[in-house]
Amino acid sequence: MEWLSQQFGTRVIALMPVAIAVNIVLGYTVANVLKLPIYLDSIGTILVGVLAGPIAGALTGILSSLIWQVAIPGQSIGPFAPVAGVIGLLAGVWGYLGVYRRRPAEGGNLWLPVVIALGAIALLVLPIINNPAYNDPAFTVPWYSAAIIAVAVALGVGVVGMAYLRRDAAPAWVAVAGALTGVIAAICSAPIAAIVYGGVTGAGTDIIVAALRQGGADVFNAALGQGFFSDPIDKTITSFVVFIILAGMSRRLIARFPMGERAVGPEPA
Amino acid sequence: MIRGWTGPVSVFGAVLLTVVITGVGRRLVSFVVASLPLVISILLINTFIYPDATDALATVGPFTVTGTGLTVALQAALRVIAFALAIGVFVATTDLDDLLSDLERRGLGRRAEFVIGSAIRMVPRMVERAGEIVEAQRARGLDTEGRPWRRARGLVPLAGPMIGGALNDVEERTMALEARAFSAPARRTPIRRFPDSAAQRAARWGLGLLIVALTVATVGGWLNVP
């Protein structure tokens with residue numbers, strides 16, 4: 001019970017609306033204004049999950065989706081609230097396990113996680129490169145595929161660069177945790193997209209659904225394919241962004257949150 | 001598998017009825033207009049590319065219009081517009097502060113009330129702030145127009161200051177809340193009370209129970225909606 005109530009101290013209560021507003025404003029800009037094939041609508045959710053705990057993270061995600069649906073007209077996000085909840089819950093678990101903690105390492109201890117992270121990113125991107133539906137010239141999908149591959153390459157370079165420059169294995173584990181979160185989010189959101197909207201949600205990702213259907217996928221598999229296209233890379237970037245935010249926040253500030261010390265670990269000697 | 005028309009049409013009809021009764025039709029135009037990209041996307045993709053549909057009506061370039069696809073598209077569009085209108089009626093008829101203070105009187109915790117209320121109020125302020133940040137970055141030479149790839153690059157100098165500034169506010173807000181006895185154990189005494197007739201209360205309970213009953217009946221197979 002104390003575990004639950006300490007996730008909702010005044011500081012967390014003050015953080016949650018800020019996190020929700022960041023989710024909505026960034027997510028709306030990315031999906032509806034820039035029409036990119038990713039979302040970037042869970043930075044606040046993951047931040048709260050890591051700093052405050054799984055239940056606070058899940059609630060931030062669920063409230064973000066519901067408030068987004070009411071605050072901005074013409075959105076399709078509301079029914080996806082459970083997915084956002086799962087993302088926040090997972091972020092809390094990763095934070096508890098210390099995924100976001102700095103991990104100074106050398107040699108094999110440093111490069112093994114990096115190789116695992118690069119492998120995970122490659123595993124997510126290869127099906128996109130190999131799927132003929134994404135190269136259909138009738139759609140603008142080649143542009144989207146190129147964008148997602150460029151993002152994945154940038155992510156890989158980021159993981160390697162941070163590992164090399166800072167001798168820190170944490171970015172690699174953060175990328176792996178983000179990719180796992182994305183796969184689970186894709187699996188959770190596909191049935192919602194298929195049943196509520198017939199797979200079409202009005203964001204930039206619709207073109208991917210169209211391409212997959214033209215390639216012969218049914219409603220559910222097209223929605224699932226779109227999820228696997230966007231979610232893992234999106235959540236990996238988001239987790240990475242949260243890691244950078246945490247690295248930029250003062251430790252004094254972080255330690256005041258219920259899971260702050262667990263999330264960033266002890267002061268380096 | 002295609003579902004029948006009864007569901008989407010009756011939901012749409014019920015929502016239209018509330019629009020007419022509340023008389024907020026004119027304020028809902030913006031909700032319908034904002035839903036257009038979603039509706040157009042639903043119409044186009046389902047009409048032209050519906051998986052395994054063979055009843056072709058016409059052919060445009062590499063795409064074929066199918067009867068199945070058109071039916072699915074129109075039903076989904078109707079459902080989405082009904083959803084948008086229902087939210088529109090709620091927003092147009094209900095004042096946020098009134099709703100939250102009444103919910104608090106009915107037992108919603110002050111923490112939940114603060115999170116919901118302040119999140120909704122913060123969205124327009126943060127949009128404003130995002131605009132200011134974009135202006136400031138533009139003055140420093142950031143390219144925010146043109147090709148999508150260039151615009152995507154502009155996200156980093158936008159998101160950075162936005163999140164950083166917002167997190168700085170958290171500390172101040174925590175202090176402000178604590179200074180106002182936010183974590184005090186006692187309940188606040190609501191001063192404003194809102195009129196709530198017995199008929200309205202009965203209608204609310206009745207509608208809630210009707211939703212549960214209809215869901216159970218259709219899922220259980222006792223009620224077959226064509």
Side-chain angles (χ1 to χ4, degrees), chain A residues 8-11 13-22 24-26 29-30 32-36 40 43-44 47 59 63-64 67-76 78 138 143 147 196-203 206 209-210 213-214 216-219 221-222 241 245 248-249 253 256, chain B residues 30-31 33-39 41-42 44-46 48-52 61-63 72-73 76 79-80 83-84 87-88 90-91 111 114-127 130 148-149 151-152 155 158-159 162-164 166-167 169-171 173-174 177-178 182-183:
Chain A
F8 296 100
T10 308
R11 197 171 302 274
I13 292 295
L15 176 66
M16 279 173 68
V18 172
I20 292 171
V22 167
I24 295 175
V25 174
L26 262 186
T29 313
V30 170
N32 295 66
V33 183
L34 299 176
K35 297 265 180 201
L36 295 176
L40 286 190
I43 291 180
L47 189 68
L59 257 176
L63 283 175
S64 293
I67 291 174
W68 186 339
Q69 181 76 54
V70 176
I72 303 179
Q75 299 294 299
S76 53
W143 186 90
V196 180
Y197 295 107
V200 187
T201 54
D206 280 355
V209 175
R213 285 191 184 183
Q214 185 71 358
D218 61 21
V219 172
N221 279 314
V241 169
I245 293 172
M249 275 167 83
L253 209 61
R256 288 179 188 163
Chain B
S30 68
F31 280 84
V33 170
S35 307
L36 281 183
L38 174 56
V39 170
S41 205
I42 286 176
L44 281 181
I45 294 181
N46 284 314
F48 286 104
I49 325 167
Y50 197 76
D52 298 330
F63 305 113
V72 170
R79 228 179 278 131
V80 166
F83 189 36
I87 293 170
F90 171 71
V91 172
R111 288 153 199 278
F114 174 80
V115 170
I116 297 169
S118 110
I120 294 179
R121 276 183 282 261
M122 206 179 280
V123 170
R125 259 199 311 180
M126 205 167 271
V127 170
W149 193 234
R151 278 182 283 145
L155 260 179
L158 167 68
M162 200 171 91
I163 297 172
L167 284 177
D169 287 352
V170 171
E171 198 55 27
R173 289 167 148 259
T174 311
L177 284 172
E178 280 300 334
F182 187 75
S183 47

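Please read all numbers here as calculations on a predicted model, not as lab measurements. Per chain, numbering begins at 1; letters A, B, ... match sequence-line order.
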For the [atom1] atom of [X] and the [atom2] atom of [Y], what is their distance to the nearest 0.5 Å?
X         : Y         : atom1 : atom2 : value
Met162(B) : Thr29(A)  : CE    : OG1   : 6.5 Å
Ile116(B) : Ile20(A)  : CD1   : CD1   : 8.0 Å
Glu171(B) : Arg256(A) : CD    : CZ    : 4.5 Å
Leu15(A)  : Arg173(B) : CG    : CZ    : 10.5 Å
Met16(A)  : Phe114(B) : CE    : CZ    : 10.5 Å
Ile163(B) : Leu47(A)  : CD1   : CG    : 8.0 Å

On a heavy-atom basis, which atom in [X] and which in [Y] lie closest, and how many Å separate them?
X         : Y         : answer
Ile13(A)  : Arg111(B) : CD1-CB, 3.6 Å
Arg213(A) : Ile45(B)  : NH1-CG2, 3.9 Å
Gly198(A) : Asn46(B)  : O-OD1, 4.2 Å

Please identify, among Ile120(B), Val127(B), Leu36(B), Val115(B), the residue contributing the most non-hydrogen atom pairs under 4.5 Å to chain A.
Val115(B)
Looking at Leu44(B), Val80(B), Asp169(B), Leu167(B), which makes the most heavy-atom pairs under 4.5 Å with chain A?
Leu167(B)
Contact part of Ala217(A) toward chain B, heavy-atom cut-off under 4.5 Å: side chain, backbone, both or neither?
backbone
Using non-hydrogen atoms only, which part of Leu63(A) is less than 4.5 Å away from chain B: side chain, backbone, both, or neither?
side chain
Where on [X] is there a heavy atom nearer than 4.5 Å to chain A: the side chain, the backbone, both, or neither?
X        : answer
Ile87(B) : side chain
Phe83(B) : side chain
Ala84(B) : neither
Arg79(B) : side chain
Phe31(B) : both

Which one of Ile24(A), Leu253(A), Val25(A) has the most heavy-atom pairs closer than 4.5 Å to chain B?
Val25(A)
